[in-house]
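Comments concern the structure below.
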Amino acid sequence: MDKYNFKIIEKKWQNLWEEKKSFKTKIDKKKKKFYCLEMFPYPSGKIHMGHVRNYTIGDVLARYKSLNGYNVLHPMGWDSFGMPAENAARQNNLDPKKWTESNINNMKLQLKELGISVDWDREISTCSSDYYKHQQKIFLEFYDKGLVYRKENYVNWDPVDQTVLANEQVIDGKGWRSGALVERKKLNQWFFKITKFSEDLLNGLEKLNEWPNKVKIMQKNWIGKSFGCEIDFKIEGSSNIDKIKCFTTRPDTLFGFSFLALSVDHPVSNFYKDNNKFEEFKKNCSKTGTTEESIAQAEKIGFKTDLFAVHPLDKNIKVPVYFANFVLMDYGFGAVFGCPAHDQRDLDFALKYKLPIKTVVKPDDEGDDFTVQKEAYDGPGVIINSGIFNGLKAPEDSISKAIEVLENKQIGKKQINFRLKDWGISRQRYWGCPIPIAYDEENNIVKVPDEMLPIKLPDDINLKTQGNPLDHQEDWKKIVINGKNCNLETDTLDTFVDSSWYFLRFCSPKNSSPFDLEEVNYWMPVDQYIGGVEHAILHLLYSRFFLKALNYNTNKIDSDEPFRGLFTQGMVCHETYKDENENWLSPDEVSSDDGKNFFLKNKPSSKVIVGSSESMSKSKKNTINPEEIIKNYGADSVRIFILSDSPPEKDIQWSEQGMMAAHKFIQKFWLLHSEIKKNYIDNLSNKNYKFDEDLEKFTNQLINKINYNLEKFSYNVIIANFHETYNYLKNKLVEKSLSENFLINYSKILSMMMPVVPHLASECLDELNQLKSIKWPDLDKKYLTQSEFNIVVQINGKKKAIIKVNEELEENELISKIKKMKEVSKIFKEKKINKHIYVKNKIVNFIVHD
RNA sequence: GCCCUCGUGGUGAAAUUGGUAGACACAAAGGACUUAAAAUCCUUGCCGCUUGCGGAGUGCCAGUUCGAGUCUGGCCGAGGGCACCA
């Protein structure tokens, strides 16, 4: 019997799918649609195991839905703008465009070799002007709607990448890509007004039932809605300043007021410009927040002004005004009232500057003499030492009462604050979408008119310049708009803009406008979106914003959320290896005889230190190249392995043994199939076969299980189900109990294997001449009802025996039968039965005592 | 510090959601076939006394229940997110 030659067979089917355009989709209103989308890749040149996992999971779903009669949209494209191309081009003196295009061609071939069912006619690439010209139109649309603005602002400046980063792109004070310490810098920047939709973005989360809770909580925290109150404090000591506005969530602790703290960027700071000591203090502040130690230490420091703030409810109380490093300008009003007893930061500050600490909330189980010492109390309790607020239950009654009082006196009002900030989208890079804006000679903003779009990136560019290469392209910058000489904006858009609407473009990738409404309204929303959890906030929040912004004032798109279902898959991990000098080693440099001790392959005397298993990354060299694995084992084997063992949402450990086991399954199954074909199918004319009830039952139970596990994304269990199926069929062959209903059941089984191992299943079905009529098998529920049951016999909740019965047996009959069983009869003789609990066809539990 | 998730054999895990714990696989050991090896097949979760049987058992401690991996509370451990957000 021939071995399964995956090289020939997989190629054969892949060519056939390509020739026939098997996965091409178009609108079909008679069918239910299903939009299956995996996060599109950055074309780095080679696919990695993370891609293999992502796209295999998506492909299983797409093929399953398609077999179920859905009209499935399953497109693929390239997130092809971004820094790696620019860096690679700079280092190797290449053209970023050519570098990117050749990477795309290479990765496309690799994805095809995986056998994924993609409609390649819809392929898009964000770095192509065919794509970004529409993005420029959208930018201008947002501009017209007032959702884009430019302002001078402090930005997170990455000194290595020489670009601005969004807040979300700063991790632990470092750039998310470069890892460099981020600096503060004042620059003119373009912003999307995402904060306009804070409330919508928060409320929208509630409707996303098919999103992981984890992601929704992360977004919720990121948006950071808080309820509170703004309060005006009267200021004394300056003729220029009348009052200062603060935001607080605890207006009920107002009587604990002992200082007022301002951000160093607060407008009041303008009056201290010429004060050298203040400028020095300000410098010190900008240092904190950038280095790791200072975040860890987080020492509260302040600069005392000659101003005093008057207590809004008691004119006799006047407290000093400070500038303080822990107050942020871009949250609230850049000013806080300090209540040391009930806020740890305020307490730290008060202790340092010896300011009064007045306790105004006491826990329920403490007396009125309760005082805060070194630990602020922010728990529930009762208000004390606070005049009219005394005795109120904190926080539920006291906060609303405090707001009411302040509102009546017109010194404060209820206020909701969000942590979310507007999205800075300017990047000082060449390899990104040009912003379709120019500036006239008076530096006024001029929109690039529609007919002049796209603003294309210049082709020949000198990348060896400091900062943004486009800044140095004098010819390119010059543009005449409405007869006026203008200079183009040289910043390009954050690449997250590119990925915020690509799912819309997929619906009508060749349309002359950004998207065709009819197509979008047919396909959207994405029914299942699949990708890494690392995009939980950035990409997913931005995409949600885009849909709301596109619909703002226009309501063109029916769905107001882009992704109905979201699935976040786990990472692919591998052990890490280091040599004796702490250098990372790649798995193929390492060898082992016993699986315990490892040594260098080319130098067996050299020991290798095995480290923890971590997600595959180039820097740790613990990667496995999918291309080679596919070459050695075939796509179906890789697909089996990447789905088996671990549930898709969890991390998976790469193991060579696991890979081999997956391959062994493919080979075993092929062997079994060949035997079936030879011994049975070729002898179909033999009419002596009987109907096999047991097989019918097995198949229907399998359909039930696979359906259940597919819907739950328990793809690892499906692989186990296939192993069980193999074992079952193998036994059938051994028993030679083949039957007249064998072919139909076997075909059903193969159909269910199609989403996971499409090449093998296609080949087997085709050999049986069953491929053309393939569809997802229907479940015949009558085969799910059992006629025989294994009933567990328990004594005091502990399993003692199992009894086999058929359904007709009455409870009384069953009980008396059990009592005669030798496993339990002894117990019944010695003990007395109190009662028993009978769960039909499942369990009998006898409660006994001495 | 706050928020979230997860703790099941040597390993990855399953358990249709409160009813036979460990399906399916990997590894290891033993056995069968073989002159031998590879391949293949069979057996083995743990602790006791030879098979058979008995006992404990899903991080730990309580609780609810006839019955808990599953529900509740507390503790311990691991991972992830946020971090001066007033």
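The chains referred to below are lettered A, B, ... by the order of the sequence lines, with proteins before strands, and numbering in each begins at 1. Just so we're clear, the structure is a prediction, and the values are computed from it rather than from any experiment.
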Please determine, for [N], whether a Watson-Crick or G-U wobble partner exists with both distances under 3.5 Å, and give it or none.
N      : result
A32(B) : U40(B)
A27(B) : none
G1(B)  : C82(B)
G77(B) : C6(B)
C71(B) : G63(B)

**Asked** Counting side-chain heavy atoms from C-beta on, which of A15(B), G19(B), A86(B) comes nearest to Val717(A)?
**Response**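 Minimum distance to the Val717(A) side chain belongs to A15(B).
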**Prompt:** Taking the side chain of Asn716(A) as its heavy atoms from C-beta onward, which of C82(B), C66(B), A13(B) lies nearest to it?
**Reply:**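 Taking heavy atoms from C-beta onward, the closest nucleotide is A13(B).
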**Prompt:** Has Arg419(A) got a side-chain N or O lying under 4.0 Å from the OP1 or OP2 atom of A86(B)?
**Reply:**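 Indeed not, no polar side-chain atom of Arg419(A) lies that close.
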**Asked** Would U17(B) be called syn or anti, given that syn covers angles within 90° of 0?
**Response**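 Chi for U17(B) falls in the syn range.
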**Request:** Check the chi torsion on G9(B) and let me know: syn if it falls within 90° of 0, anti if not.
**Result:**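 G9(B): syn.
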Could you tell me how far [M] sits from [N] if I compare only their [atom1] atoms? Round to whole Å.
N      : M      : atom1 : result
G67(B) : U50(B) : C1'   : 35 Å
U16(B) : C66(B) : P     : 23 Å
G79(B) : C84(B) : C1'   : 25 Å
G7(B)  : G12(B) : P     : 12 Å
C6(B)  : G48(B) : C1'   : 34 Å
U17(B) : A28(B) : C1'   : 35 Å

**Message:** Over 60° means perpendicular and under 30° means parallel, so tell me whether His836(A) and Phe846(A) are parallel, tilted or perpendicular.
**Reply:**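 Because their plane-to-plane angle lies in the 30° to 60° range, the rings of His836(A) and Phe846(A) count as tilted.
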Using the 3.5 Å cut-off, write out each protein N or O paired with an N or O of nucleotides 56-60 of chain B and the distance between them.
from   : atom 1 : to        : atom 2 : distance (Å)
A56(B) : OP1    : Lys798(A) : NZ     : 3.4

Pairs under 3.5 angstrom, nitrogen or oxygen only, protein versus nucleotides 2-12 of chain B, please.
from   : atom 1 : to        : atom 2 : distance (Å)
G12(B) : O2'    : Ser646(A) : OG     : 3.1
G12(B) : N2     : Asp645(A) : OD1    : 3.4

**Request:** For Phe247(A) and for Met660(A), locate the closest nucleotide of RNA chain B by heavy-atom distance; then report the residue assigned to the nucleotide nearer the 5' terminus.
**Result:**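 Upstream on the strand: Met660(A).
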**Prompt:** With nearest nucleotides of RNA chain B determined for Asn721(A) and Ile837(A) from heavy-atom distances, which residue corresponds to the more 5′ nucleotide?
**Reply:**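 So the residue in question is Asn721(A).
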